[in-house]
J.: 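Structure incoming, see below.
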Amino acid sequence: MNNISNIPSILIDEYDYSLPDERIAKYPLKERDTSKLLLYKNGIISEDIFYNAVNHLPENSLLVYNNTKVIHARLIFQKLTGAFIEIFCLEPLFPSDYALSLSSVNECVWLCLVGNLKKWKHGCLNKSISIDGIEIILEANIIVSEGNTHQIKFKWNNNNISFAEILDTVGELPIPPYLHRKAEESDNTTYQTVYSKIQGSVAAPTAGLHFTESVLNSLNTKNINIEELTLHVGAGTFQPVKSKNIIDHQMHTEVIAVRKSTIESLINNIGNIIAVGTTSVRTLESLYYVGVKIINNALTSDGKIHIEQWEPYNQTTDISSDIALSAIVDYLSQNNLDVLHAQTQIIIQPGYKFRIIKGMFTNFHQPRSTLLLLVSAFTGNDWKKIYEYALNNDFRFLSYGDSSLLLKD
């Protein structure tokens with residue numbers, strides 16, 4: 001139950017700005033690390049090129065990135081009538097674990113969005129697929145519908161072919177809708193980070209798209225270490241804020257996974273942690289509240305860990321970051337676990353107290369978005385100054401656009 005009085009009243013109209021379509025990067029630059037980098041530190045703005053990012057990171061920083069990989073989540077079926085039905089796989093339900101579901105053979109169930117649903121009122125959709133010379137039939141059936149999402153069972157007639165192979169073969173990469181174009185072959189490379197490896201996202205953690213092997217190698221020159229975590233980005237990342245007041249906006253839930261060794265590294269680097277992207281920010285900040293839950297014996301009896309949207313605003317705690325993170329390490333050790341699995345619905349908006357990060361890399365986000373609220377939470381009203389500078393100095397916006405490095409002392 002939300003304690004409304006503790007939640008800051010935020011009007012989304014205050015987080016609007018004019019973004020001309022020509023400022024939205026429809027394609028990436030040929031070389032990832034030649035993108036522009038806006039630098040913000042305690043109110044001072046300057047700029048550089050991304051391949052020089054290491055020169056602007058505090059020495060001994062710990063850089064934390066999201067290693068999720070975008071799956072080919074769009075499946076197109078054609079009915080006998082000629083109508084095309086698009087099924088957009090959002091998250092696995094049975095099995096609910098991403099790895100298990102993607103490695104499933106014969107069948108699995110996913111929560112999906114359906115395009116042209118009015119043409120698919122009932123019955124089974126079929127699609128003939130050839131994988132390495134093997135012909136299979138993929139079937140799709142709606143089990144349950146709730147609002148605009150649907151539980152869809154996929155079945156196919158081969159025990160040697162996984163759902164991941166099916167998606168890789170005939171699925172389309174779900175590039176952002178604001179690009180106003182279909183995915184192209186080049187997107188299969190450019191819309192993945194160079195360090196992506198854990199399949200599950202339906203959108204890329206785009207701040208990481210600027211990193212190259214050369215940039216990663218340059219971090220060693222300033223004794224900057226790297227850790228990775230996983231947050232599978234959901235389609236809700238593109239969900240616009242439709243309510244006038246943010247208190248009426250419902251955040252989407254996303255799955256996170258963080259190794260115990262990574263959490264131990266975070267404990268040893270409190271005060272020096274730089275997140276690569278808003279997904280890493282949300283994961284890292286959620287960890288603090290996971291630790292608080294453990295300390296307060298507030299975990300549910302089923303063992304599932306879920307951080308609610310307004311949890312950070314509904315409680316007053318003076319638990320330090322290292323104590324909270326240490327509680328997670330102890331919990332994992334007691335339960336013989338090497339990885340923390342959890343879900344987070346956390347919203348970071350003005351009024352939020354950052355517990356883990358001291359800086360972040362992030363791209364330039366859409367007007368009236370929760371990601372813009374996150375940037376404002378970190379920079380205060382300076383977000384307007386930052387975005388005005390970017391618009392006036394030819395920065396490219398959104399997923400394939402340029403980047404920024406936001407720092408505080």
Side-chain angles (χ1 to χ4, degrees), residues 64-73 88-104 108-113 146 149-152 154 162-164 167 171 174 192-193 195-208 227-239 250-260 262-263 266 275-291 293-294 299-300 302-312 328 331-332 335 337-348 356 370-371 374:
V64 184
Y65 63 70
N66 184 1
N67 64 13
T68 189
K69 187 170 187 175
V70 185
I71 60 174
H72 290 209
F88 187 176
C89 299
L90 298 179
E91 62 180 272
L93 296 177
F94 306 104
S96 60
D97 179 82
Y98 279 85
L100 290 177
S101 191
L102 289 168
S103 62
S104 292
C108 57
V109 178
W110 281 63
L111 185 69
C112 303
L113 296 174
E146 284 188 24
T149 59
H150 312 271
Q151 293 185 22
I152 294 183
F154 297 100
S162 68
F163 192 55
L167 292 180
Q192 302 279 13
T193 62
Y195 44 71
S196 65
K197 61 182 180 182
I198 309 297
Q199 293 191 92
S201 279
V202 298
T206 55
E227 286 289 347
E228 60 187 65
L229 45 75
T230 306
L231 179 144
H232 289 314
V233 189
T237 192
F238 300 123
Q239 181 182 339
Q250 183 172 1
M251 281 290 286
H252 53 290
T253 298
E254 292 171 315
V255 175
I256 64 176
V258 188
R259 293 174 302 178
K260 182 170 74 171
T262 295
I263 300 172
L266 295 175
V276 179
T278 56
T279 61
S280 296
V281 172
R282 292 180 70 237
T283 304
L284 290 167
E285 293 297 317
S286 294
L287 288 179
Y288 173 82
Y289 289 97
V290 170
K293 268 186 184 292
I294 293 170
L299 297 184
T300 57
D302 61 7
K304 292 183 178 179
I305 301 173
H306 183 101
I307 303 302
E308 302 287 348
Q309 175 170 336
W310 299 111
E311 208 160 314
I328 301 176
Y331 168 83
L332 293 174
N335 290 278
L337 299 171
D338 291 323
V339 180
L340 173 76
H341 292 279
Q343 293 182 329
T344 184
Q345 198 180 357
I346 192 173
I347 184 169
I348 297 177
I356 304 295
T370 57
L371 300 182
L374 186 152

J.: Could you tell me which non-hydrogen atom of M251 sits nearest to which non-hydrogen atom of Q309, and how far apart they are?
T.: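 Looking at all heavy atoms of both residues, the shortest contact is N-OE1, 2.7 Å.
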J.: I'd like to check V202 versus C89 (side-chain heavy atoms, cut-off strictly below 4.5 Å). Are they in contact?
T.: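 Contact flag for V202/C89 side chains = no.
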J.: Ignoring hydrogens, what is the shortest heavy-atom contact between C108 and S101? Give both atom names and the distance.
T.: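 Smallest interatomic distance, heavy atoms only, reads CB-OG, 3.8 Å.
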J.: Compare every heavy atom of I71 with every heavy atom of Q199, then report the nearest pair and how far apart it is.
T.: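 Nearest heavy atoms, Q199 then I71: CB-CG2, 3.8 Å.
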J.: Give the intermediate values and the outcome of side chain to side chain contact (heavy atoms under 4.5 Å, CB included) for residues H306 and T300.
T.: CA-CA 9 Å; H306 183 101; T300 57; over 6 Å; no
J.: Contact between L266 and V64 at the side-chain level, heavy atoms closer than 4.5 Å - yes or no?
T.: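 Counting from C-beta outward, L266 and V64 do come under 4.5 Å.
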J.: Does the side chain of T344 come within less than 4.5 Å of T253's, by heavy atoms?
T.: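 Result no, sub-4.5 Å side-chain heavy-atom pair not found.
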J.: For E254, which of Q343, R282, E91 qualifies under side-chain contact (heavy atoms from CB on, under 4.5 Å)?
T.: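 Of Q343, R282, E91, side-chain contact (heavy atoms from CB on, under 4.5 Å) with E254 is met by R282 alone.
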J.: How many angstroms lie between CG in L340 and OG in S286, if you round to the nearest 0.5 Å?
T.: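 Going from CG on L340 over to OG on S286, the span is 10.0 Å.
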J.: How long is the span from the CD1 atom in I328 to the CD1 atom in I263, to the nearest 0.5 Å?
T.: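 So the gap between those two atoms works out to 4.5 Å.
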J.: Give me the ring orientation class for W110 and Y98: parallel if the planes are under 30° apart, tilted from 30 to 60°, perpendicular past 60°.
T.: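 It falls in the perpendicular class, over 60°.
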J.: For T193 versus T68, what's the shortest heavy-atom pair and its separation?
T.: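 Shortest heavy-atom separation between T193 and T68 comes out as OG1-O, 4.5 Å.
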J.: Should K69 and K197 count as side-chain neighbours, where that means a heavy-atom distance under 4.5 Å?
T.: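 K69 vs K197: side chains apart.
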J.: Taking the side chain from Q192 and the backbone from V70, do they hold a donor-acceptor pair closer than 3.5 Å?
T.: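 The answer is yes, because a donor-acceptor pair under 3.5 Å joins these two groups.
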J.: Heavy-atom distance under 4.5 Å between the side chains of V276 and N66, does that happen here?
T.: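 No. Closest side-chain heavy atoms not under 4.5 Å.
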J.: Looking only at heavy atoms, what is the nearest atom pair of I356 and L284, with distance?
T.: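 Scanning both residues completely, I find the closest heavy atoms to be CG1-O, 3.3 Å.
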J.: List the residues meeting salt bridge (Lys or Arg N to Asp or Glu O under 4.0 Å) with E227, not counting sequence neighbours, and say none if there are none.
T.: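 Salt bridge (Lys or Arg N to Asp or Glu O under 4.0 Å) check on E227 returns R259.
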J.: Measure the CG-CD1 distance between L299 and I294 for me, rounded to the nearest 0.5 Å.
T.: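 Atom-to-atom, L299:CG and I294:CD1 are 5.5 Å apart.
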J.: Could you check Q250 against Q345 for side chain to side chain contact (heavy atoms under 4.5 Å, CB included), going step by step and ending with a plain yes or no?
T.: CA-CA 9 Å; Q250 183 172 1; Q345 198 180 357; 3.8 Å; yes
J.: Would you check if Y331 and V290 make a side-chain contact, meaning some heavy-atom pair closer than 4.5 Å?
T.: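 Contact flag for Y331/V290 side chains = no.
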J.: So, taking the atom named CZ in F154 and the one named CZ in F163, what distance separates them when rounded to the nearest 0.5 Å?
T.: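 Result: 4.5 Å between the selected atoms.
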J.: Supply the atom-to-atom distance L337 CG to K260 NZ, rounded to the nearest 0.5 angstrom.
T.: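 It comes to 8.5 Å.
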J.: Do L102 and L167 have side chains that approach each other closer than 4.5 Å (heavy atoms only, starting at C-beta)?
T.: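 Side chain of L102 against side chain of L167, heavy atoms only: contact under 4.5 Å found.
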J.: Check whether any side-chain heavy atom of T230 lies under 4.5 Å from a side-chain heavy atom of V339, and answer yes or no.
T.: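 A side-chain contact under 4.5 Å is absent here.
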J.: Distance check, rounded to the nearest 0.5 Å: L90 atom CG versus H150 atom NE2?
T.: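 So the gap between those two atoms works out to 10.0 Å.
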J.: Can you give me the closest heavy-atom contact between V233 and P205, atom names plus distance?
T.: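 Looking at all heavy atoms of both residues, the shortest contact is CG2-N, 4.5 Å.
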